[in-house]
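See structure below.
As a basis for the values below, the full set of heavy atoms in this structure was taken, side chains included, without hydrogen atoms, waters or symmetry mates.
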Amino acid sequence: MTKLLKVHGSENHFFILDQTQLKNQLSDNELSNLARDITNPDNGVLGGADGVLVVNHAGSQDALGQMRVINADGSEASMCGNGLRTIARYLSEKHHQDQFKVETITANLDVSKQKDLADHVPAFSVEISPVKFNKEAFPFDHLETDQIMNRKILNFDPDLRFTAIALPNPHLISFVKNKNDFKKLGPLGKQLNGKNPYFPDGVNVSFAKILGHNELFVQTYERGVGFTNACGTGMSATSLAFLLNYPNDGDYDHIIKVKNPGGMVKTNVHHQNGKYWINLIGNATFTDVVDVDEDDLHNADVSKNNVKIQSTGEENAYQKFVKTIKK
Ligand SMILES: N[C@@H](CCC[C@H](N)C(=O)O)C(=O)O
């Protein structure tokens with residue numbers, strides 16, 4: 001039997017598959033099929049998820065393991081901030097280390113264990129980088145600009161302004177004034193993640209409201225997924241866009257509180273020698289352990305009839321923590 005973990009960061013849910021425990025690795029095609037099957041909200045195990053996080057041995061010596069991110073639609077993403085916190089916890093407990101690097105598709109990123117957010121709510125900090133603004137990094141096209149920085153784009157909306165930041169997965173951010181503007185997020189997210197001339201590979205779209213000095217609310221429509229409770233790279237990109245566009249409302253090298261529909265994270269944006277990076281700090285919650293036959297993983301045949309599920313009890317603790325934020 002193989003063990004899968006059901007996990008979340010700010011209720012952005014994933015299954016962790018540690019391929020180092022398998023007799024045979026899944027091919028890329030098998031990983032895509034598994035992600036589509038197991039994340040399905042209607043018939044996936046435990047109500048589905050937003051994606052699958054795959055742990056492999058690292059190719060480079062200075063990382064403890066490698067993370068790959070497979071979205072719910074089977075596409076692969078270069079990065080996942082909420083997911084990286086849960087992988088950091090997984091590798092930390094497996095190797096008994098509190099500070100190390102995790103290999104991702106584009107970079108080896110620093111992660112470290114933090115003080116628990118509350119009883120039984122473990123927290124990790126993860127580095128979010130590299131940061132890119134040029135259109136090739138997304139890519140985007142047909143917008144008559146090489147960077148999108150606080151610009152109106154009439155093809156997207158007559159009133160809103162947009163900023164595009166790749167971390168290195170692509171993000172488009174807009175700061176809205178009215179609650180009603182959040183209603184525009186779904187249609188715009190769908191437009192830019194369907195066949196469209198502007199973002200041919202799709203884009204994660206986040207809308208944000210400034211709640212106070214160093215305080216934001218962010219909601220994201222994710223590429224390859226749809227609406228999520230939270231997107232870690234989305235909240236990190238939004239924090240940087242916030243400091244670039246509203247310099248009087250927030251500070252570099254300071255904690256920014258970012259509330260989201262699934263809870264709250266903290267970001268800390270740095271800018272040194274022309275380079276930007278962000279630390280993303282938040283929960284890394286393991287909700288369930290799922291025993292599954294390795295053949296069923298290869299065949300993307302994982303249903304409640306052929307798995308054994310054991311709850312960890314951590315979700316109750318997380319929900320208690322969330323109640324304290326909302327007050
Ligand atoms: N939920 C993630 C981002 C996952 C990848 C994204 N959907 C993409 O395709 O870029 C996060 O927490 O960062």
Side-chain angles (χ1 to χ4, degrees), residues 3-16 18 46 49-51 53 55 63-65 67 69 79-102 104 109-128 211-212 214-218 228-236 238-239 253-270 277-290 309-327:
K3 283 202 186 314
L4 293 180
L5 278 180
K6 179 88 189 290
V7 303
H8 75 79
S10 275
E11 299 289 346
N12 188 193
H13 282 264
F14 305 96
F15 288 96
I16 292 183
D18 181 351
L46 291 162
D50 302 308
L53 303 169
V55 175
L64 211 50
M67 172 183 81
V69 183
M79 186 38 190
C80 175
N82 291 329
L84 183 56
R85 296 202 307 278
T86 65
I87 293 293
R89 174 175 168 196
Y90 177 76
L91 291 172
S92 161
E93 291 178 0
K94 184 172 172 184
H95 297 280
H96 309 287
Q97 290 190 37
D98 286 348
Q99 195 163 0
F100 49 92
K101 282 184 194 291
V102 178
T104 65
L109 300 172
D110 286 316
V111 303
S112 60
K113 187 172 163 55
Q114 304 290 304
K115 193 170 158 279
D116 290 356
L117 298 183
D119 262 2
H120 303 296
V121 185
F124 277 75
S125 169
V126 299
E127 173 190 350
I128 306 287
L211 301 178
N214 287 324
E215 194 169 336
L216 300 172
F217 172 81
V218 178
T228 55
N229 286 315
C231 172
T233 44
M235 295 183 287
S236 303
T238 305
S239 300
D253 306 312
H254 270 77
I255 292 295
I256 299 175
K257 248 192 193 179
V258 187
K259 294 185 177 166
N260 58 64
M264 191 264 290
V265 299
K266 293 172 186 169
T267 56
N268 195 338
V269 183
H270 308 284
W277 76 99
I278 300 125
N279 289 114
L280 171 69
I281 304 137
N283 74 299
T285 298
F286 295 174
T287 61
D288 300 270
V289 181
V290 181
I309 296 170
Q310 208 181 342
S311 163
T312 62
E314 287 185 20
E315 186 57 10
N316 286 342
Y318 182 75
Q319 287 307 327
K320 258 194 202 161
F321 161 70
V322 167
K323 279 196 189 123
T324 65
I325 309 168
K326 289 198 170 140
K327 269 181 204 158

Side chains of Ile278 and Val269: closer than 4.5 Å at any heavy-atom pair? yes

Minimum heavy-atom distance between Val126 and Ala88, given as atom pair plus value: CG1-CB, 4.5 Å

From Lys113 NZ over to Gln99 CD, what is the distance, rounded to the nearest 0.5 angstrom? 12.5 Å

If you take all heavy atoms of Ser239 and Val258, which pair is closest and at what distance? OG-CG2, 3.8 Å

Ignoring hydrogens, what is the shortest heavy-atom contact between Ser10 and Arg85? Give both atom names and the distance. N-NH2, 3.8 Å

How close do Gly313 and Ser311 get, heavy atom to heavy atom, and via which atoms? N-OG, 3.2 Å

Checking side chain to side chain contact (heavy atoms under 4.5 Å, CB included) between Ser125 and each of Asp110, Ile281, Thr267, which is the one that passes? Ile281

Report the residue from Arg89, Lys6, Lys320 that forms a salt bridge (charged side-chain N to carboxylate O under 4.0 Å, His left out) with Glu314. Arg89

Go through the steps to decide whether Val289 and Leu5 satisfy the test side-chain contact (heavy atoms from CB on, under 4.5 Å), and finish with yes or no. CA-CA 5 Å; Val289 181; Leu5 278 180; 3.8 Å; yes

Plane angle bin for Tyr318 and His8 - parallel if under 30°, tilted between 30 and 60°, otherwise perpendicular: perpendicular

Measuring only between side-chain heavy atoms, which start at C-beta, is Asn82 closer than 4.5 Å to Met235? yes

Compute whether any side-chain donor of one residue and acceptor of the other, for His270 and Asn279, lie under 3.5 angstrom apart. yes

Could you check if a side-chain atom of Leu84 sits within less than 4.5 angstrom of a side-chain atom of Leu280, using non-hydrogen atoms only? no

Which residues pass the side-chain hydrogen bond (donor to acceptor under 3.5 Å, both in side chains) test with Asp18, not counting sequence neighbours? Thr20, Tyr90, Lys94

Go through it in stages, so that I can follow the logic: the residues are Ser92 and Asp98, the test is side-chain contact (heavy atoms from CB on, under 4.5 Å), and I'd like the CA-CA distance, side-chain angles, deciding distance and then a yes or no. CA-CA 6 Å; Ser92 161; Asp98 286 348; 3.8 Å; yes

For a 4.5 angstrom cut-off between non-hydrogen side-chain atoms, does Leu53 reach Ile16? yes

State, with a plain yes or no, whether a side-chain heavy atom of Val55 is found less than 4.5 Å away from one of Ile87. yes

Do the non-hydrogen side-chain atoms of Ile255 and Asn268 ever get within less than 4.5 Å of each other? yes

Listed partners of Glu215 passing side-chain hydrogen bond (donor to acceptor under 3.5 Å, both in side chains), at least two apart: Lys259

Atom pair OG1 (Thr238) and CG (Leu216), whose distance is rounded to the nearest 0.5 Å: 7.5 Å

Closest heavy-atom contact between Leu117 and Gly282? CD1-C, 4.2 Å

One pair to check against side-chain contact (heavy atoms from CB on, under 4.5 Å): Leu46 and His13. What are the steps and the verdict? CA-CA 10 Å; Leu46 291 162; His13 282 264; over 6 Å; no

So, the side chain of Thr312 versus the backbone of Phe286: is there a donor-acceptor pair under 3.5 Å, distance only? yes

Does some side-chain heavy atom of Glu11 sit less than 4.5 Å from a side-chain heavy atom of Gln319? yes

Other residues, nucleotides and ligands only: do more than 12 of their heavy atoms fall within 6.0 Å of NZ on Lys266? no

Ile256 CD1 to Leu211 CG distance, which is reported to the nearest 0.5 Å: 12.0 Å

Rounded to the nearest 0.5 angstrom, the NE2-CG distance for His120 and Asn283 is 14.5 Å

Verify whether one side chain among Asp50 and Thr228 offers a donor that lies under 3.5 Å from an acceptor in the other. no

Evaluate side-chain contact (heavy atoms from CB on, under 4.5 Å) for Ile128 paired with Thr233, printing each intermediate quantity in order. CA-CA 7 Å; Ile128 306 287; Thr233 44; 4.2 Å; yes

Report the distance from atom CZ of Phe124 to atom OG1 of Thr86, rounding to the nearest 0.5 Å. 10.0 Å

Distance in Å, Asn214 CG paired with His254 NE2, rounded so as to fall on 0.5 Å steps: 7.0 Å

Any side-chain heavy-atom pair from Met79 and Met67 closer than 4.5 angstrom? yes

